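Numbered from 1 within each chain, the chains take letters A, B, ... in sequence-line order. Remember, it's a predicted structure, so these values are computed and weren't measured experimentally.
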Amino acid sequence: MGLVAHTPAMRLIWITRFAFPSPSGLNSMRLSRYFMPILRETPKEAEIVSHRLMLRAGMIRQESAGIYAWLPLGLRVLNKINDVIREEQNRAGAIELLMPTMQSADLWRESGRYDAYGKEMLRIKDRHERDMLFGPTNEEMITEIFRGYVRSYKDLPLNLYHIQWKFRDEVRPRFGVMRSREFLMKDAYSFDLDAEGARHSYNKMFTAYLRTFARLGLKAIPMRADTGPIGGNLSHEFIILASTGESEVFCHNDFLSMDTPPANIDFDDRAVMQGVFDTWTGKYAATSEMHDAAAFGALAESDKVSARGIEVGHIFYFGTKYSDAMKAVVNGPDGKEVAVQMGSYGIGPSRLVAALIEANHDDNGVIWPEAIAPFRVGIANLKVGDAATDAACNDLYAKLGKAGVDVLYDDRDDRPGAKFATMDLIGLPHQIIVGPKSLAEGRVEVKNRRTGAREMLSPDEALNKLGA
RNA sequence: CGGGGUAUAGCGCAGUCUGGUAGCGCGGAAGUUUUGGGUACUUCAGGUCGUAGGUUCGAAUCCUGCUACCCCGACCA
């Protein structure tokens, strides 16, 4: 592709893009022009509520077992989750890059995991009969990148992450994107000179994870975990409590009321980070694999929480497991080569979409937390074609959009009941209901999806209330 | 990977036992009606019945192989 002259039109595109307040460039939409294939009936294969609602709301479409297309509404949520994750990763000092999905088998032969990983790894041959694979994780590749450039301890600490599709050929994918074969993962990898530094890196990610899940409106509890095929000796899973969770968890009641570390916490202060870690690991919390019935039994009855949970994040400190095998070494201050200390830190954004629905729904549909709603506001025009309601809705739509509020305007020529049902199903936090009767009295109805609270306001008051 | 099941219109299903050339509800299109919680009616469009082969005058239906998908269990972000 050759060079392209910068026309005035192109400049406008850039200005517009940077002018948008949302990092993903999301914006408003008219439902009549959108692609949101909602289903009135529940598809039979969907067993759990999040899967049912994602299919009904037109967020995903299954293409193969455990492989999903993300339709526009679902993609918006996924992108908003990614935005929150990015902000918190960046805040904690991690740096984003992007590695490919396809990897060479040779890399995995170096670490010894090509044979060890088993049938979950999708193995492919290219046209030259070279062994390739679709990455189930990226420890090998990031280590290869690291060793290609970093030679000195002065370049440490370093934490690199990406948000990329993974493939794990699960024996039995199920529950929609909760356990799919292809899934999106944010995976970060830390490199440090020594164990103390690595411990600090671990604590920083630990803190970033607490903040990330809290911002998504989730109460995530860190629990000591098995390290599995990643290896290592220190590992925590972040579990949110949900009745449809796949694993059984046990924890102290205090976790439900602990304060999330603030945004301005000093990530560079080792003592502060260790303090966060100590606070959040000081009480009993374990999944069933790591459960110590005696220790749990020693708690007061009122402190015991026994529930089901969904794993939404998993962090590992594994020392020199990969740096030894793959010779990722730096020169230390003493001039001697040492293998770097590593950790890896994963969050599954695609699973989080489902987990968020599990934690936020009612009989009528999804109830999105503000931070990740596909649109923050929905406008329902109850009588399309009526001059007054059309004008009022157009005005609300334009002004909210201008103020940077993501709006979905239901301008379809449809029954009011259908619009109410649609709005509730897709779960936008705020609904502005514009009907001819109340509009004749200068009022629109503003409904809060979560509380169900309804207010009759003037259009200006409604705009003001919703941040425009 | 063990066990069980399903495959017929975009979705949910009937028809298969007993072979005769495919039907219902929802959804879609056109229209009338209705207008604050999925309105009612009329008309229309849409299916080589998962796939390959076999039996038969004739196969969605009977037989054989294959594939895909789902569910239960053991494993995982």
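Within the nucleic acid shown, Ala421(A) comes within 4.0 Å of at least one base atom, counting heavy atoms only. When heavy atoms are screened at a 4.0 angstrom cut-off, Arg454(A) is found touching base atoms of the nucleic acid. Using a 4.0 Å heavy-atom criterion, one finds that Asp187(A) contacts no nucleic acid atom at all. Ser438(A) comes within contact range of at least one nucleobase, with a heavy-atom separation under 4.0 Å. At the heavy-atom level, Thr389(A) lies nowhere under 4.0 Å from the strands shown. Among the protein residues, Lys419(A) comes within range of no part of the nucleic acid, since none of its heavy atoms lies under 4.0 Å from any strand. Residue contacts shown for Gln62(A) are limited to sugar-phosphate atoms, with no base heavy atom under 4.0 Å away. Nucleic acid contact for Leu382(A): base, since at least one base atom lies under 4.0 Å from a heavy atom of the residue. At the heavy-atom level, Met178(A) lies under 4.0 Å from base atoms of the strands shown. Gly346(A) comes within 4.0 angstrom of nothing in the nucleic acid, heavy atoms only.
Using bins of under 30°, 30° to 60° and over 60° for the plane-to-plane angle, the ring pair Tyr202(A)/Phe277(A) lands in the perpendicular bin.
Here rC1(B) sits opposite rG73(B) as a Watson-Crick or G-U wobble pair (both hydrogen-bonding atom distances under 3.5 Å). The partner of rU6(B), taking Watson-Crick or G-U wobble pairs whose two distances both stay under 3.5 Å, is rA68(B). The base-pairing partner of rC44(B), taking Watson-Crick or G-U wobble contacts with both distances under 3.5 Å, is rG28(B). Taking a pair to require two hydrogen-bonding distances under 3.5 Å in either a Watson-Crick or a G-U wobble arrangement, rU35(B) remains unpaired.
Across the C1' atoms, rA52(B) and rU48(B) are found 14 Å apart, a figure rounded to whole Å. Comparing the C1' positions of rG50(B) and rG58(B) gives a spacing of 23 Å, expressed to the nearest Å. One C1' atom belongs to rG37(B), the other to rU42(B), and the distance between them is 26 Å to the nearest Å. Spacing of C1' atoms, rC49(B) relative to rC24(B), comes out at 16 Å, to the nearest Å. Separating the P atom of rU64(B) from that of rU55(B) is a span of 15 Å, rounded to the nearest Å. Atom name C1', nucleotides rA9(B) and rU56(B): the rounded distance is 29 Å, in whole Å. Of the P atoms belonging to rC62(B) and rG15(B), the separation is 12 Å, rounded to the nearest Å. Here the separation of rU18(B) from rA59(B), taken at their C1' atoms, is 14 Å to the nearest Å.
Atom CG of Leu184(A) and atom P of rA77(B) are 16 Å apart (whole Å). Arg172(A) has its CZ atom 11 Å from the C1' atom of rA74(B), to the nearest Å. To the nearest angstrom, P of rG36(B) lies 9 Å from CZ of Phe420(A). Between the P atom of rC76(B) and the CD1 atom of Ile239(A) lies a distance of 13 Å, rounded to the nearest Å. Between the CG atom of Leu425(A) and the P atom of rG37(B) there is a distance of 18 Å, given to the nearest Å. Here the P atom of nucleotide rU35(B) and the CZ atom of Arg412(A) are 20 Å apart, to the nearest Å. For Arg61(A) and rC69(B), the CZ to C1' distance is 13 Å, given to the nearest whole Å. Separating the CE atom of Met185(A) from the C1' atom of rC76(B) is a distance of 12 Å, rounded to the nearest angstrom.
In terms of polar N and O atoms assigned as donor or acceptor, the side chain of Glu41(A) never comes within less than 3.5 Å of the base of rG27(B) in a complementary pairing. In this model, no side-chain donor or acceptor of Arg443(A) finds a partner on the base of rG36(B) within 3.5 Å.
Listed candidates were rG37(B), rC76(B), rG73(B). Nearest to the side chain of Arg174(A) is rG73(B). Distances from the side chain of Glu311(A) to the nucleotides rC69(B), rC76(B), rA77(B) place rA77(B) closest.
Using a 4.0 Å cut-off, some side-chain N or O of Arg415(A) falls inside it from OP1 or OP2 of rU39(B). A close approach under 4.0 Å does not occur between any side-chain nitrogen or oxygen of Lys383(A) and OP1 or OP2 of rU35(B).
Ring-centre distance between Phe206(A) and His200(A): not below the 6.0 Å cut-off. The six-membered or imidazole ring of Phe238(A) lies away from that of His236(A), with a centre-to-centre distance of 6.0 Å or more. Taking the six-membered ring wherever Trp is involved, the centroid distance between the rings of Phe146(A) and Tyr322(A) does not fall below 6.0 Å.
In terms of position along RNA chain B, the nucleotide closest to Val434(A) lies nearer the 5' end than the nucleotide closest to the other residue of the pair Ile347(A) and Val434(A). Residues Ser64(A) and Pro436(A) both approach RNA chain B. Their nearest nucleotides, taken by heavy-atom distance, put Pro436(A) toward the 5′ side.
Checked by atom type, the side-chain pair Asn90(A)/Tyr161(A) shows a donor-acceptor distance below 3.5 Å.
Per the stacking criterion (ring centres < 5.5 Å, plane angle < 30°), Phe183(A) stacks onto the base of rA77(B).
Shown are Phe167(A), Trp165(A), Tyr117(A), Phe183(A); of these, the ring pair (Phe, Tyr, Trp, His ring centres under 6.0 Å) with Phe134(A) is made only by Phe167(A).
Within a 6.0 Å radius of CZ in Arg123(A), more than 12 heavy atoms belonging to other residues, nucleotides or ligands are found.
Between Ile426(A) and Pro374(A) the shortest side-chain heavy-atom distance does not fall below 4.5 Å.
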